[in-house]
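Chain A is the first sequence line, chain B the second, and so forth, proteins listed ahead of strands; every chain is numbered from 1. The analysis underlying the following values was restricted to heavy atoms, covering all of them including side chains, and did not include hydrogens, waters or symmetry mates.
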Protein chains: 2
Amino acid sequence: MPSADHTESVQDYLKTIYDIQREQGRVATTVLAERLGNSPASVTGMVKKLAALNLVEHERYQGVILTPAGEKIALEVIRHHRLIERYLAEALGVPWDRVHAEAEKWEHVLSEDLEDRIDALLGYPTTDPHGAPIPRRDGTIAPPYTSRLADLATGQSATVAEVSDHDPAMLRYFGELGLRPGVDVRVVSVAPFGGPMTVRLDDAEHTLGREAAGYVSVCDVKPAATDAADQ
Amino acid sequence: MPSADHTESVQDYLKTIYDIQREQGRVATTVLAERLGNSPASVTGMVKKLAALNLVEHERYQGVILTPAGEKIALEVIRHHRLIERYLAEALGVPWDRVHAEAEKWEHVLSEDLEDRIDALLGYPTTDPHGAPIPRRDGTIAPPYTSRLADLATGQSATVAEVSDHDPAMLRYFGELGLRPGVDVRVVSVAPFGGPMTVRLDDAEHTLGREAAGYVSVCDVKPAATDAADQ
DNA sequence: AATACGATTTAGGGAAGCCTAAACCGAGGA
DNA sequence: TCCTCGGTTTAGGCTTCCCTAAATCGTATT
């Protein structure tokens, strides 16, 4: 039962609404407009169409939320997007700061058949190159990570789970540092009042701004070791 | 010096005009309309736009021809298309009767960077899975084949060079027969008045209609052997 | 409680591309 | 030569999605 296929534009709106909803709960017209590169007025117009299609609920002056139908489509599009990103990185060697832009264009024209082939060829991956979870075919998705590198205290260590892919320059920077999903980090020191933090990665220490660290999600957080030999 | 990128629609028009021009010289509005699935009236409108962009020459009631600029773009699009077809078949195992439809959608969103990666990964192929030549990056292309299987006489043999990809059903049929580019054929017999011909392929004989045989281009045509032991 | 300001929506338009219906050309047969 | 008929173009319209400018709403502040 494939959902009726909507236009590219509708898909982009739903995908973006989904993202913002994850981050902020409420999806304001202005935010959506900025993220899509459209004027707020245009967004209002499109949102009305989405509401007419029962893909979002729209309360005037209050922003939108996805309906279950809208969320389903959003997840399908995101699945395409992340699977393509993974494929580009793994099979075609595209650097991870460029896969996003490329996937953005491809996601709308990927057939289900090809998606399945790519999925199988990659061995049914569960995350994209930035660590973001790939929605499953049944429309479910792993819950978002709850901890960020910026929140860790001195002495704590963790595993990098996901880095934000919104800014290619930031991705290149993280790449140079070796800050990739799966890598272990230990917080060496944290400057107070939102100052920079120093972390140890692959036996090298790096200092990075707290803001940048906010773009890194971590998992498996371990408390500051009182002893050097923990499990 | 990349050409200004035109819309998907413009690209499709130019590509199709190029194809028809190869086959028929003159490109009539009606033919173009039918091939694109648009009404003749719409095609006239678009043709006027193409002429205004100096991509085609249009003489009223006389059809169109590509200008050098138009041909350049057409060849770029065709290069994308055929490279993708090859990639889909070779790297992703898509059956050859489906690569066309898939490539049709992907060709418009392929970046130059990705094209280069695919090209290199495939080892700079010169033909697509149907045997059609892939235009080179410099805008040149191998000349079309001149002989068709349907034109061969009894006893002649040749190598299959290219099969038409216009009809997926026909492609599946050819595939079942083993009639693929690179395979040798020998004409066993030919019925008169455009009747079917029998050919030998891979040590098996098959009978196929003359019309179908018209969709198969051949090269390396050898005359009817007077002796069984030729080189 | 009044107001100001930012967020949001309405109003009015425009560019692409497509359509149908109707007018128009030109080449071959009467 | 005239006329017919198919191929082609014009006329007028529609849809989708975008825009700017001008209302309008909600709310934080006074």
Just the table, please: protein N/O against nucleotides 13-16 of chain C N/O, every pair under 3.5 Å.
none

With 3.5 Å as the limit, what N/O pairs link the protein to nucleotides 25-29 of chain D?
residue : atom : partner : partner atom : Å
D/dC25  : O4'  : A/Y61   : OH           : 3.4

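Applying the side chain to side chain donor-acceptor pair (under 3.5 Å) definition to pairs two or more places apart or across chains, none involves residues 51-66 of chain B. Here salt bridge (charged side-chain N to carboxylate O under 4.0 Å, His left out) pairs that include residues 124-142 of chain A, with residues two or more places apart or in two chains, are A/R82-A/D128, A/D116-A/R137, A/D119-A/R137. Listed by first then second residue, pairs satisfying salt bridge (charged side-chain N to carboxylate O under 4.0 Å, His left out) with a partner in residues 31-41 of chain A read A/E23-A/R35, not counting sequence neighbours.
For A/A153, the side chain to side chain contact (heavy atoms under 4.5 Å, CB included) partners at least two apart in sequence or on another chain are A/Q156. Residues passing the side-chain hydrogen bond (donor to acceptor under 3.5 Å, both in side chains) test with B/E176, sequence neighbours excluded: none. B/E162 is linked by a side chain to side chain contact (heavy atoms under 4.5 Å, CB included) to B/A132, B/P133, B/Y145, B/S217, counting only residues two or more places apart in sequence or in another chain. For B/A41, the side chain to side chain contact (heavy atoms under 4.5 Å, CB included) partners two or more places apart in sequence, or in a different chain, are B/S39. Checked against side chain to side chain contact (heavy atoms under 4.5 Å, CB included), B/Q21 has the following partners two or more places apart in sequence or in another chain: B/I17, B/V27, B/I65, B/L66.
Here the P atom of nucleotide D/dT16 and the CG atom of A/L50 are 13 Å apart, to the nearest Å. Distance A/H108 NE2 to D/dC17 C1': 14 Å, rounded to the nearest Å. Between A/Q11 atom CD and D/dT16 atom P there is a gap of 16 Å when expressed in whole angstrom units. Straight-line distance from the CE atom of A/M46 to the P atom of D/dT15: 16 Å, rounded to whole Å. When rounded to the nearest whole Å, the span between NZ of B/K48 and P of C/dC18 equals 15 Å.
Between B/L179 and B/Y173 there is no side-chain heavy-atom pair separated by less than 4.5 Å.
From B/L122, atom CG reaches atom CD1 of B/I84 across 11.0 Å, with rounding to the nearest 0.5 Å.
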Name every donor-acceptor pair, under 3.5 Å, that has one atom in a side chain of residues 96-103 of chain B and the other anywhere in the protein, sequence neighbours excluded.
residue : atom : partner : partner atom : Å
B/W96   : NE1  : B/L171  : O            : 3.1
B/D97   : OD2  : B/R172  : NH1          : 2.7
B/H100  : ND1  : B/H81   : NE2          : 3.1
B/H100  : ND1  : B/E85   : OE2          : 3.3
B/H100  : ND1  : B/D165  : OD2          : 3.2
B/H100  : NE2  : B/E104  : OE1          : 3.2
B/E102  : OE1  : A/S111  : OG           : 3.0
B/E102  : OE2  : A/S111  : N            : 3.4
B/E102  : OE2  : A/S111  : OG           : 3.0

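Within the 4.0 Å cut-off from OP1 or OP2 of D/dT16, not a single side-chain nitrogen or oxygen of A/Y13 is found. Considering only side-chain N and O atoms, B/S39 lies under 4.0 angstrom from the phosphate OP1 or OP2 of C/dC19. Note on A/S42: a side-chain N or O is less than 4.0 Å away from OP1 or OP2 of D/dC19. Phosphate proximity of C/dT8 to A/H58: absent, as no side-chain N or O sits under 4.0 Å from OP1 or OP2. The side chain of B/T44 places an N or O atom within less than 4.0 Å of a non-bridging phosphate oxygen (OP1 or OP2) of D/dT9.
The stretch residues 23-38 of chain A comes close to DNA chain D through A/G37, A/N38, each having a heavy atom under 4.0 Å from the strand.
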